[in-house]
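One structure is given below, encoded as structure tokens.
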Amino acid sequence: MFAWGANSHAQLGFGYATEQCDKPQPLTDGVPFRTDEIESVAAGGGHTLIATTDGRLYACGWNNRGQLGVGHLDDCIHFQPVGEYGFRKLFAGWDVSAGINGFGELFVWGSNVWQQIAESGVKNIPIPTRLTLPVEGQVLRVAFGLQYMAVLMESGKVWVLGKCKFVSKHYPLEPDTMLTIRCLSDIGLVRDVVSGDNHLVLLIGDRRINCLGDNKHNQCLDAHMLPEDIVKLESGWTHSGCLTASGTIYLWGRNDYGQLGRAGSAIPEKLRLEMNDLEVKDIRLGSQHGVALTNDGRVYCWGWNEHGNCGTGGTENVWVPKAIDLPLPVSRVACGAGFTMAFT
């Protein structure tokens, strides 16, 4: 397990805090789980969550709103056991977290300043708490904006909770509920959803991408159809991307720090790695940087690098994806707002 980038809240799990770690460093001391036990990883604004195959949840880093789920608001410099919840999927926002268990039940914890995870009057939820939506059904995915949460159901419907101006203009509040919640009921069968700070990216069917929200940096596409099937969406604060079935990455949106892995156009274009025949099996986007994992276990980073979050040994922004020096093969990667993790 390796980590690099911003560590101002000890979110890298090293046991200390520092503004930057510009090269991958191994986590060797005091980690209460093995890499082969990891079920899911999520990285947020300054916190990291890890769920293991035996159902346990661990967390470290920033905890000002209870986003670690440990029952208090103090930062944790080492990975702390949170409890046994059976989470199969984890999600992390700026100061808020969520988990989905094997039954498709949604649990939330952390900031509720904008009523994004609970009823009004509750600013923080310090432990994972079951969230019941107005309709029954399993939850597939969660996406956090800065002031809202989007929840994708197995039915293909998307619910949005919290303060979200671009949704509230077109969708009425759900009646008879204590939550500020709306259902995006007229957009078709949604297969995936991700969020930037103030925009949603939705996958309709296998190839059609719909977007809602802020488009100042061309991060929103208008019913765009890609030439091949999409297997995963990703989003930074103001740029977006997807991974296709052939192992190709497309990126679009803001690019003033190299977030798109190239110079120039903000429209969707393929990400070029150093060897064109490399196929990608995963992509993660931080706030303004990205990481790609190839089928043979190589890791590439690009974009904003102020805290060394691209792992290059310096802090200059990275405009073309650069291979990171790590023991091979890497099996899993994760991106927080300004930090990166890799698991061998």
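- Residue Trp94 forms a ring pair (Phe, Tyr, Trp, His ring centres under 6.0 Å) with just one option from Trp114, Trp62, Phe144, and that option is Trp62.
- A distance of 6.5 Å separates CD of Glu174 from CD1 of Ile181, quoted to the nearest 0.5 Å.
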- Message: One pair to check against side chain to side chain contact (heavy atoms under 4.5 Å, CB included): Glu269 and Leu260. What are the steps and the verdict?
- Response: CA-CA 9 Å; Glu269 289 187 12; Leu260 306 186; over 6 Å; no
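- Between Leu161 and the options Leu131, Val108, Asn112, a side-chain contact (heavy atoms from CB on, under 4.5 Å) holds for only Leu131.
- Residue Ser185 holds its OG atom at 6.0 Å from NZ of Lys157, rounded to the nearest 0.5 Å.
- The CH2 atom of Trp302 sits 6.0 Å away from the CG atom of Leu251 when rounded to the nearest 0.5 Å.
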- Cys211 and Gln219: side chain to side chain contact (heavy atoms under 4.5 Å, CB included), yes or no, with the steps? CA-CA 8 Å; Cys211 298; Gln219 65 265 46; over 6 Å; no
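- Interatomic distance, CG of Asp186 versus OH of Tyr171, reported as 3.5 Å (0.5 Å rounding).
- Between Trp4 and Thr340 the shortest side-chain heavy-atom distance falls below 4.5 Å.
- Here Phe107 pairs with Phe87 under the ring-ring contact (aromatic ring centres under 6.0 Å, His included) rule; sequence neighbours left out.
- Contact detail for Pro126 and Asn124: the closest heavy-atom pair is CD-O, 3.8 Å.
- Looking at heavy atoms from C-beta onward, Asn305 lies out of side-chain contact with Tyr257 at the 4.5 angstrom threshold.
- Closest of all the heavy-atom pairs between Trp304 and Ala337 is CZ3-O, 3.8 Å.
- In the displayed structure, Lys281 atom NZ is contacted under 6.0 Å by more than 12 heavy atoms of other residues, nucleotides or ligands.
- Cluster partners of Met178, using a side-chain heavy-atom cutoff of under 4.5 Å among ILVMFWY residues and allowing indirect links: none.
- Under the 4.5 Å side-chain criterion, counting only non-hydrogen atoms from C-beta, Ser240 is in contact with Ser235.
- A heavy-atom distance below 4.5 Å is not found between the side chains of Leu233 and Val193.
- The minimum heavy-atom distance between Ile125 and Ala118, with the atom names listed, is CD1-CB, 3.4 Å.
- To the nearest 0.5 Å, atoms CG (Asn64) and CG (Asp74) are separated by 11.0 Å.
- Among all heavy-atom pairs drawn from Val318 and Cys310, the shortest one is CG2-CB, 3.8 Å.
- In this structure, Asp22 contributes its side chain and Thr315 its backbone to no donor-acceptor pair below 3.5 Å.
- The two atoms that bring Trp109 and Gln67 nearest to each other are NE1-O, 2.9 Å, heavy atoms only.
- Shown here for Glu136 and Met153, the closest heavy-atom pair between the two residues is O-CE, 4.3 Å.
- Val291 has its side chain within reach of Val299: a pair of non-hydrogen atoms, C-beta onward, lies under 4.5 Å apart.
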- Test salt bridge (Lys or Arg N to Asp or Glu O under 4.0 Å) on Lys232 and Asp282 and set out the steps. CA-CA 8 Å; Lys232 184 182 184 184; Asp282 196 14; 2.6 Å; yes
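- A salt bridge (charged side-chain N to carboxylate O under 4.0 Å, His left out) with Arg56 is found for exactly one of Glu39, Glu84, Glu37, namely Glu84.
- Judged by distance alone, with hydrogens and angles left aside, the side-chain atoms of Ser40 form a donor-acceptor pair with the main-chain N or O of Leu90 at under 3.5 Å.
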Name the atoms and distances for all side-chain donor-acceptor pairs under 3.5 Å in residues 6-14, with sequence neighbours left out.
from, atom 1, to, atom 2, distance (Å)
Asn7, OD1, Gln11, N, 3.1
Asn7, OD1, Leu12, N, 3.0
Asn7, ND2, Tyr16, O, 2.8
His9, ND1, Asp75, OD2, 3.4
Gln11, OE1, Ser8, N, 3.4
Gln11, OE1, His9, N, 2.8
Gln11, NE2, Ala6, O, 3.2

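- Residues Lys270 and Tyr250 are in side-chain contact: their nearest non-hydrogen atoms beyond the backbone lie under 4.5 Å apart.
- Without hydrogens or angle criteria, Glu234 side chain to Val194 main chain gives no donor-acceptor distance under 3.5 Å.
- Within 6.0 Å of CG in Asp229 there are more than 12 heavy atoms belonging to other residues, nucleotides or ligands.
- Note on Trp252: it does not cluster hydrophobically with Ile283, by side-chain heavy-atom contacts below 4.5 Å among ILVMFWY residues.
- Arg332 places a side-chain heavy atom less than 4.5 Å from the side chain of Ile38.
- To the nearest 0.5 Å, atoms CG (Asn198) and CG (Leu212) are separated by 11.0 Å.
- No donor-acceptor contact under 3.5 angstrom links the side chains of Glu306 and Asn309, judged on distance only.
- No side-chain heavy atom of Val280 sits less than 4.5 Å from a side-chain heavy atom of Leu271.
- Environment of CD in Glu228: crowded, with over 12 heavy atoms of neighbouring residues, nucleotides or ligands closer than 6.0 Å.
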